[in-house]
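Keep in mind the model is a prediction, meaning the values are calculated, not measured.
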Protein chains: 2
Amino acid sequence: MEGSPPLLSPAEADRRLRAAGVRVTAQRRAVYEALAADPLHPTVEAVHSRLKKNWPSLPLPTVYRIVEDLAVAGLIRRVASDGGPQRLDANAERHQHLVCRACGRMEDWTSAGLSGLSLPRSLPDGFSGETYDIRIVGLCRTCSAKAEARGIIPKRRKS
Amino acid sequence: MEGSPPLLSPAEADRRLRAAGVRVTAQRRAVYEALAADPLHPTVEAVHSRLKKNWPSLPLPTVYRIVEDLAVAGLIRRVASDGGPQRLDANAERHQHLVCRACGRMEDWTSAGLSGLSLPRSLPDGFSGETYDIRIVGLCRTCSAKAEARGIIPKRRKS
DNA sequence: ATCTCATATGATAATAATTATCATATGGAA
DNA sequence: TTCCATATGATAATTATTATCATATGAGAT
Ligand SMILES: [Zn+2]
Ligand SMILES: [Zn+2]
Ligand SMILES: [Zn+2]
Ligand SMILES: [Zn+2]
């Protein structure tokens, strides 16, 4: 139902950590696995909750630090959102995002059309573009159904 | 040098506020004008600072409330960023963003090619797309120059 | 123009999100 | 194994944002 995003193999993950000068620890592996298992771009808090069962003692500040380490090593990245706590992404393949303006749900989306889009060669002001990301904003299936039932749904305060 | 983004006329701004059931006050006008004068997608804190001169008594929590009101009324919006404090945008015209991964600078960019992009008609999962936004990520002129001088610039912690 | 009252502001406190500090533990090189 | 630079766990501090509440004010009705 909820397909996990393509994650790195444990060996490859370890290799990237070491390549970035980040030591491989059980906690880092656990945080990475928790992230890789969640396709909905969880917050740090959500990752911490998910880890409660197997790592009841892992403190939230440590999860924050590890998230930063994993990002530095390129195993995960922070994904753009309209305020609120940072949202994380362990999906290693190039993809775009569908963002629900009502509930904040964010799911991955891979489109040949959009993903093949190339950067304009000339950008203003000497800006040197390296990549781009696209957010498609609208209503997810659930909120879309609600909207149909009750009329328009207003924009939520925070995503 | 730093062109202010297209802002609403005072009359139009007032009209939209009243239409949304938001009273027109001197403070709300001041916050809107401060935002409209800043093309770099300031944080709430930055707007507050900018207002210090003419509104030394306006407290930060009030600026937060007013920003929320202006967003509800559609005078401004929150713009997507990779964590950190929310960034605001008073530019009323359809546009995209150039984001510097080194310093977090975010500038507007209007491209006929990208802005004319139309949403794919079929999105997965019953998601109903309404709009999209594109972030072009790279290095701004300043950081680009630094990179040329010293070699690669690493990704900054927060944008 | 004055009255009225629902709503905004200003002052302040509280909460949420994130980062810092530091003593102890441990990965991994020698 | 020994060693040491770095990670964790515990905790405090800081930053970002929201809540509360007494007073002030916008704007509709007299
Ligand atoms: Zn939704
Ligand atoms: Zn994603
Ligand atoms: Zn820059
Ligand atoms: Zn903008």
Side-chain angles (χ1 to χ4, degrees), chain A residues 10-11 13-32 34 41-49 51-52 54-73 75 78-79 81-88 104 156-159, chain B residues 10-11 13-32 34 41-49 51-52 54-73 75 78-79 81-88 104 156-159:
Chain A
D14 289 2
R15 193 171 327 125
R16 291 205 196 184
L17 286 173
R18 294 206 176 88
V22 175
R23 286 182 181 169
V24 175
T25 67
Q27 290 90 333
R28 284 176 174 151
R29 283 189 175 131
V31 170
Y32 175 65
H41 308 87
T43 62
V44 176
E45 169 64 38
V47 172
H48 181 244
S49 292
L51 285 166
K52 271 283 165 53
N54 292 113
W55 287 86
S57 72
L58 191 66
L60 182 56
T62 297
V63 179
Y64 269 97
R65 273 179 313 196
I66 291 181
V67 159
E68 167 68 12
D69 301 332
L70 299 181
V72 165
L75 273 73
R78 298 184 172 94
V79 56
S81 68
D82 306 334
Q86 57 181 299
R87 308 275 304 254
L88 307 171
R156 70 191 231 105
R157 291 208 334 317
K158 279 299 173 52
S159 93
Chain B
D14 289 1
R15 192 172 326 127
R16 291 206 197 183
L17 286 174
R18 294 205 176 90
V22 174
R23 287 184 181 169
V24 175
T25 67
Q27 289 91 332
R28 283 177 174 151
R29 283 190 176 129
V31 169
Y32 175 64
H41 308 86
T43 62
V44 175
E45 170 64 37
V47 172
H48 181 244
S49 292
L51 285 165
K52 270 283 165 54
N54 291 115
W55 286 87
S57 71
L58 191 66
L60 181 57
T62 297
V63 179
Y64 269 97
R65 274 178 312 194
I66 292 182
V67 159
E68 167 68 12
D69 300 332
L70 298 180
V72 165
L75 273 72
R78 298 186 171 92
V79 57
S81 68
D82 305 335
Q86 55 181 299
R87 306 276 302 255
L88 308 171
R156 69 191 231 105
R157 291 210 333 316
K158 279 301 173 50
S159 92

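Contact annotation: A:T25 reaches the phosphate of D:dT8 (side-chain N/O to OP1 or OP2, under 4.0 Å). Residue A:R65 has no polar side-chain atom (N or O) positioned under 4.0 Å from OP1 or OP2 of D:dA7. Considering only side-chain N and O atoms, B:Q27 lies nowhere under 4.0 angstrom from the phosphate OP1 or OP2 of D:dT25. Residue B:T62 places none of its side-chain N or O atoms closer than 4.0 Å to OP1 or OP2 of C:dA8. Side-chain N/O atoms of B:Q86 include one lying less than 4.0 angstrom from OP1 or OP2 on D:dT17.
We find that CZ of B:R87 is positioned 17 Å from C1' of D:dT17, with the value rounded to whole Å. Distance, A:L17 CG to C:dT26 C1': 16 Å, rounded to whole Å. The OH-C1' distance, from B:Y64 to C:dT9, rounds to 18 Å in whole Å. Distance CD1 (B:I66) to P (C:dT7): 17 Å, rounded to an integer number of Å. Atom CG in B:D69 sits about 7 Å away from atom P in C:dT9, given to the nearest Å. As rounded to whole Å, 11 Å separates atom C1' of D:dG9 from atom NE2 of A:H48. At whole-Å resolution of the value, CD in B:E68 and C1' in D:dA19 are 14 Å apart. Taking atom CD of residue B:E45 and atom C1' of nucleotide C:dA17, one finds them 16 Å apart after rounding to whole Å.
A:V44 comes within 4.0 angstrom of no nucleic acid atom, judged by non-hydrogen atoms across all strands. In this structure, A:S57 reaches the sugar-phosphate backbone alone: every heavy-atom distance under 4.0 Å involves primed, P, OP1 or OP2 atoms, never a base.
Using a 4.5 Å heavy-atom threshold, the side chains of A:T43 and A:R87 count as touching. Between A:D69 and A:V31 the shortest side-chain heavy-atom distance does not fall below 4.5 Å.
Residue side chain B:R23 reaches the base of C:dA6 through a donor-acceptor N/O pair under 3.5 Å, judged by distance alone.
Of the residues near DNA chain C, B:P59 and A:R18, the one whose nearest nucleotide (by heavy atom distance) lies more toward the 5' end is B:P59.
Of the candidate nucleotides D:dT11, D:dT17, C:dA8, C:dA8 has the atom lying nearest to any side-chain atom of B:R28.
Side chain of B:R28 to main chain of B:R23: a donor-acceptor pair is present (N/O by atom type, distance under 3.5 Å, no hydrogens or angles). Although no hydrogens or angles enter the test, the distance criterion places no donor-acceptor pair under 3.5 Å between the side chain of B:R78 and the main chain of A:D82.
Here the closest heavy-atom approach between residue A:P59 and residue A:H48 is recorded as C-NE2, 3.8 Å.
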